[in-house]
2 protein chains.
Amino acid sequence: MATTSFQFSVAAHIMTALADHNDEHVNSAFLAESVNTEPTFVRKSLSKLVKAGLVVATRGKHGFCVLARPAAAITLADIYRASEAPATFAVHNYPVEKTCRTSSNIKKIMLDILPEAQNSFEQVLARTTLADMVQRVRLPGKQTRQAK
Amino acid sequence: MATTSFQFSVAAHIMTALADHNDEHVNSAFLAESVNTEPTFVRKSLSKLVKAGLVVATRGKHGFCVLARPAAAITLADIYRASEAPATFAVHNYPVEKTCRTSSNIKKIMLDILPEAQNSFEQVLARTTLADMVQRVRLPGKQTRQAK
DNA sequence: CCATAATGTGTTTATGATGCTCACATTATC
DNA sequence: GATAATGTGAGCATCATAAACACATTATGG
């Protein structure tokens, strides 16, 4: 890979900033300033969040973005899936050497394990809601960790 | 990224093949045939496994590789860490916009969550040992899943 | 003691996904 | 109809990965 994707990280940033200013009819230029990047780049990420049903964006003059649901009803797992970040690992795809037991079966086994590990990873993300994120951003000193 | 790294997947293949033939004084050419790639590429991966203390390789004429411990004492998590695969996600690194709460704090929060999610991911890998892998390769029909 | 044959590793090249930018279409307000 | 927002397609630069090659290191054994 070029670098490990930070689409999820950027999406989480956008969503947190949006949740922190949810009643202010914020637009992509405002969010871009927070992330410190181009409005276009933010909109690319935003459009995925819109398609996933996490954000509602209105178009036309004075268009703006709002959360589609309360911040407490959106988790980091929702944002991760919406951000279309690559899976935690990929299974190699070399031709199978039929005379070898391992070569003949390893791919299926790995493809069996991948979703389990992926799911466990996402379960941790599901423990943190956007409301938690906003709280932590507003009270950076206090560690407002939720129960495990 | 070019593609999501499959270093872990290849390392798991190598280790499973090695475990399946652990008493046969197998070399990198044999393993390369199983993976269907170049011996050099296998050795690159192997050398990481050696450094991690999972494999012992003897050099010189008739050099070969063996597991450093019994297959039941090596888990996929050990192999994952040894393979130096990239983390499940990266945190973006744009300059902080100081006037924004989210921008000022988001990076720390994400860097706090990343290891938790990463750890959970690796915990699932830790449930499967190399001995399990060999068993599944030898009995591809039966699903020999261990307890959760 | 030297040829052989294995591992170990540094360098290089090609590829391709990603990050990023620009241009422009679409949409809605005033 | 001018303006200003989102949405998106196309293209470029970058950079980690995969792959290939050359060669150093190490040990066997005739």
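Just so we're on the same page: letters track the sequence lines, and every chain starts at 1.
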Report task. Tell me which of A/Glu38 and A/Gly60 sits closer to the 5' end of DNA chain C, going by the nucleotide each one is nearest to. Result -> A/Glu38

Requested in this report: Using a heavy-atom cut-off of under 4.0 Å over every strand shown, decide if B/Phe64 touches base, sugar-phosphate, or nothing.
Outcome: nothing

Query raised in the report: Taking CZ from B/Phe89 and P from C/dG19, how many angstroms apart are they, rounded to a whole number?
Result: 14 Å

Query raised in the report: Rounded to the Å, how far apart are A/Asn93 CG and C/dG16 C1'?
Result: 16 Å

Query raised in the report: Between atom NZ in A/Lys48 and atom C1' in D/dT6, what is the gap in whole Å?
Result: 16 Å

**Report entry** Check ion pair B/Arg127-A/Glu116 (N to O, under 4.0 angstrom)
**Finding:** yes

**Report entry** Residue B/Phe41, side-chain atoms from C-beta onward, closest of C/dG19, D/dA19, C/dT9
**Finding:** D/dA19

Query - Donor + acceptor pair across side chains of A/Glu97, B/Ser34 (<3.5 Å) - result: no

**Report entry** Between D/dA18 (C1') and B/Glu84 (CD): distance, integer Å
**Finding:** 15 Å

Query - Residue B/Lys44, side-chain heavy atoms: nucleotide from C/dG19, C/dT9, C/dC22 that is nearest - result: C/dT9

Query raised in the report: For A/His62 and C/dA28, is the shortest distance between a side-chain N/O and OP1 or OP2 below 4.0 Å?
Result: no

Report task. Take atom CD of A/Gln7 and atom P of C/dT18, then tell me their distance rounded to the nearest Å. Result -> 8 Å

Report task. Round to a whole Å and report the spacing from CZ of A/Phe6 to C1' of D/dC15. Result -> 12 Å

Query raised in the report: What nucleotide, of D/dT28, D/dA5, C/dA6, holds the atom closest to the side chain of B/Asn27?
Result: C/dA6

Query raised in the report: Any N or O donor-acceptor pair linking the side chain of A/Arg59 to the base of C/dT27 at under 3.5 Å?
Result: no

Query - Residue met sooner reading DNA chain C from 5', once A/Thr40 and A/Lys61 are mapped to nucleotides - result: A/Thr40

Report task. Determine, for B/Arg136 against A/Asp112, whether the closest basic-nitrogen to carboxylate-oxygen distance falls under 4.0 angstrom. Result -> yes

Report summary line: Between A/Gly63 and A/Ser47, whichever has its closest DNA chain D nucleotide further toward 5' is A/Gly63

Requested in this report: Using atom CG of A/Leu31 as one end and atom C1' of D/dT6 as the other, report the distance to the nearest whole Å.
Outcome: 12 Å

Query raised in the report: Just how far, in rounded Å, is C1' of C/dT27 from CZ of A/Arg43?
Result: 13 Å

Query raised in the report: What does B/Ser28 touch in the nucleic acid at a heavy-atom separation under 4.0 angstrom: a base, only the sugar-phosphate, or nothing?
Result: sugar-phosphate

Query raised in the report: Should the pair A/Phe121 and A/Tyr80 be assigned to parallel (<30°), tilted (30 to 60°) or perpendicular (>60°) ring geometry?
Result: perpendicular

Requested in this report: Select base, sugar-phosphate, or nothing to describe what B/Lys51 touches, counting heavy atoms under 4.0 Å on all strands.
Outcome: sugar-phosphate

Report task. Fit a plane to each ring of B/His13 and A/His92, take the angle between them on a 0 to 90° scale, and name the class: parallel (under 30°), tilted (30 to 60°) or perpendicular (over 60°). Result -> tilted

